[in-house]
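So the structure is just underneath, and the comments pick up after that.
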Amino acid sequence: MRIDLHTHSNCSDGTDTPAELICAAREAGLDVVGLVDHDTVTGWGEATAAVKGSGLSLVRGMEVTAKAGDVSVHILAYLFDPENDWVVGHMEALQKSRAGRAREMVERLATDFDVTWEDVLEASASSTTIGRPHIADALVARGIVADRTEAFDRLIHPGTPYYVKQYAPQAVDVVRGIAGAGGKTVWAHPWAAKRGRVAPIETFGELAAAGLFGVEVDHRDNPVQTRGDLADIVEELGLARFGSSDYHGTGKPNSLGEYTTSPEVFECLIQGTYAEVVS
Ligand code: AMP
Ligand code: ZN
Ligand code: FE
Ligand code: FE
């Protein structure tokens with residue numbers, strides 16, 4: 001069984017449509033794929049239709065933008081009720097905040113570069129959630145940078161004058177909110193240092209106490225030499241160890257199934273959740 005529970009479609013900042021993603025997951029030899037677009041569930045319907053009869057199983061989820069104290073973190077949420085009040089409120093708040101923040105970033109960039117808000121709207125046309133990758137795509141389309149990586153490295157990382165923060169709920173509240181919606185949560189890439197500051201070590205215990213189910217240990221952004229320590233923390237706290245690709249289509253080099261989650265952890269994840277695995 002090959003299980004990759006962290007992928008994105010073009011309903012957020014991936015480049016495959018949900019149907020294309022399902023097709024790519026089959027071609028990559030996966031048995032189970034998880035779709036977790038950022039702060040939206042708009043891809044669930046198309047992915048569900050595409051997966052029926054394909055031999056592949058789909059886990060529906062969402063990558064929730066959150067923070068631990070003032071450090072940005074991502075929480076993977078799985079198999080929750082998408083119509084739950086907390087979930088709907090979160091998605092609406094993030095969509096609104098993300099759009100305002102992206103607009104502000106483009107205004108700042110436009111003082112130095114030939115890029116417009118219309119460019120970003122075009123780059124994000126398929127997506128419910130506007131993010132920095134779409135600003136990056138607009139900069140690429142204008143020939144200002146070669147690719148998303150260069151855009152992040154040079155112009156839109158938090159150390160630049162163009163970066164603007166967005167609203168995010170506290171991670172403990174996300175863990176509780178998703179549990180209240182019948183889902184389970186996994187802390188994504190906790191030691192992804194190259195994305196910015198990482199959350200303090202106490203965060204593991206705090207999230208575990210709030211009901212966190214697992215932690216993504218095997219992920220390319222957690223430095224290899226730290227994964228042993230990460231695995232120890234996870235085991236001590238009785239959390240489940242996850243591994244996944246964070247596939248974004250052509251938006252990132254991450255390839256489907258480059259890291260996977262064990263069948264034992266998967267079986268445990270899907271017990272007692274609001275939503276079912278579809279196949
Ligand atoms: P945002 O939530 O709008 O701040 O954007 C963060 C998103 O950008 C995350 O989904 C990351 O996967 C993506 N991202 C971060 N760094 C890079 C990079 N160097 N190249 C492509 N995508 C990136
Ligand atoms: Zn992303
Ligand atoms: Fe993430
Ligand atoms: Fe992700």
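Keep in mind the model is a prediction, meaning the values are calculated, not measured. All ligand and atom numbering here is 1-based and tracks the order in the structure.
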Taking Lys184 for its side chain and Gly272 for its backbone only, find out whether a donor-acceptor pair lies under 3.5 Å.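 Answer holds: no.
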Is a side-chain donor or acceptor of Ser57 paired with a backbone partner of Val32 at a separation under 3.5 angstrom?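 Absent.
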Which atoms from ligand 1 have a heavy atom of [X] less than 4.0 Å away?
X	result
Pro133	5 (O), 7 (C), 8 (O), 13 (C)
Gly131	3 (O)
His248	10 (O), 12 (O)
Gly251	21 (C)
Gln166	2 (O), 4 (O)

Polar contacts were defined as any N/O atom of the residue lying under 3.5 Å from an N/O atom of the ligand; does this apply to Arg101 and ligand 1?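 Arg101 vs ligand 1: N/O contact under 3.5 Å present.
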I want to know if ligand 1 touches Lys252 in the polar sense, i.e. an N/O pair below 3.5 angstrom.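 In this structure, Lys252 places an N or O atom under 3.5 Å from an N or O of ligand 1.
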Do any N/O/S atoms of His6 come under 2.8 Å of the Fe ion (ligand 4)?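 True for His6.
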Assess [X] for proximity to ligand 1: is some non-hydrogen atom of it under 4.0 Å away?
X	answer
His157	no
Arg98	yes
Glu63	no

Tell me yes or no: between the side chains of [X] and [Y], is some donor less than 3.5 Å from an acceptor?
X	Y	value
Asp39	His90	yes
Asn84	Tyr274	no
Thr65	Gln166	no
Thr250	Thr15	yes
Thr40	Thr42	yes

Check the orientation of His74 and His38. Use parallel for under 30°, tilted for 30 to 60°, and perpendicular for over 60°.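 Aromatic pair His74/His38 classed perpendicular.
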Kindly assign one of parallel, tilted or perpendicular to the pair Phe242 and Phe213, based on the angle between their ring planes and the thresholds 30° and 60°.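 Answer is perpendicular, since the angle exceeds 60°.
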Among Asp13, Val164, Asp246, Asp147, which one puts a heavy atom closest to atom 9 (C) of ligand 1?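 The residue whose heavy atom sits nearest atom 9 (C) of ligand 1 is Asp13.
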Given the Fe ion (ligand 4) as the apex, I'd like the angle to NE2 of His8 and OE1 of Glu63, rounded to 10 degrees.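 His8 NE2 and Glu63 OE1 form an angle of 90° at the Fe ion (ligand 4).
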Looking at Val36, Asp37, Thr17, Ile22, which hits side-chain contact (heavy atoms from CB on, under 4.5 Å) with Ser9?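 Of the listed residues Val36, Asp37, Thr17, Ile22, the side-chain contact (heavy atoms from CB on, under 4.5 Å) partner of Ser9 is Asp37.
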From Val174, Val172, Asp173, residue fulfilling side-chain contact (heavy atoms from CB on, under 4.5 Å) relative to Ile75: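 Exactly one option meets the side-chain contact (heavy atoms from CB on, under 4.5 Å) with Ile75, and it is Val174.
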Of all the N, O or S atoms in Asp246, which one sits nearest to the Fe ion (ligand 4)?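 The Asp246 atom nearest to the Fe ion (ligand 4), restricting to N, O or S, is OD1.
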Give the contacting part of His38 toward ligand 1: side chain, backbone, both or neither, where contact means a heavy-atom distance below 4.0 Å.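 The answer is the side chain of His38.
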Between His8 and ligand 1, find which residue part has any heavy-atom pair under 4.0 Å and reply side chain, backbone, both or neither.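 Contact part for His8 vs ligand 1: neither.
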For the Zn ion (ligand 2), give me the closest N/O/S atom belonging to His38, just the atom name.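 It is NE2, the N, O or S atom of His38 closest to the Zn ion (ligand 2).
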Tell me the protein heavy atom at minimum distance from atom 18 (C) of ligand 1, and give that distance in Å.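 Ranked first by proximity to atom 18 (C) of ligand 1 is Phe152 CD1, 3.5 Å.
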Among all protein non-hydrogen atoms, which one is nearest to atom 6 (C) of ligand 1, and what is the separation to 0.1 Å?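 Looking at atom 6 (C) of ligand 1, the protein heavy atom closest to it is Arg132 NH2, 3.8 Å.
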Kindly give the heavy-atom pair with the smallest separation between Asp246 and His8, and that separation in Å.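 The answer is OD1-NE2, 3.0 Å.
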Apply the test ring pair (Phe, Tyr, Trp, His ring centres under 6.0 Å) to residues Trp44 and Phe80: give CA-CA distance (whole Å), side-chain angles for both, the deciding distance (0.1 Å), then the verdict. CA-CA 12 Å; Trp44 284 20; Phe80 54 85; 5.2 Å; yes
Under 2.8 Å: N/O/S of Asp13 next to the Zn ion (ligand 2):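 Checking Asp13: at least one N, O or S atom is under 2.8 Å.
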Can you tell me if His8 has an N, O or S atom under 2.8 Å away from the Zn ion (ligand 2)?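 Within the cut-off used here (under 2.8 Å), His8 places no N, O or S atom near the Zn ion (ligand 2).
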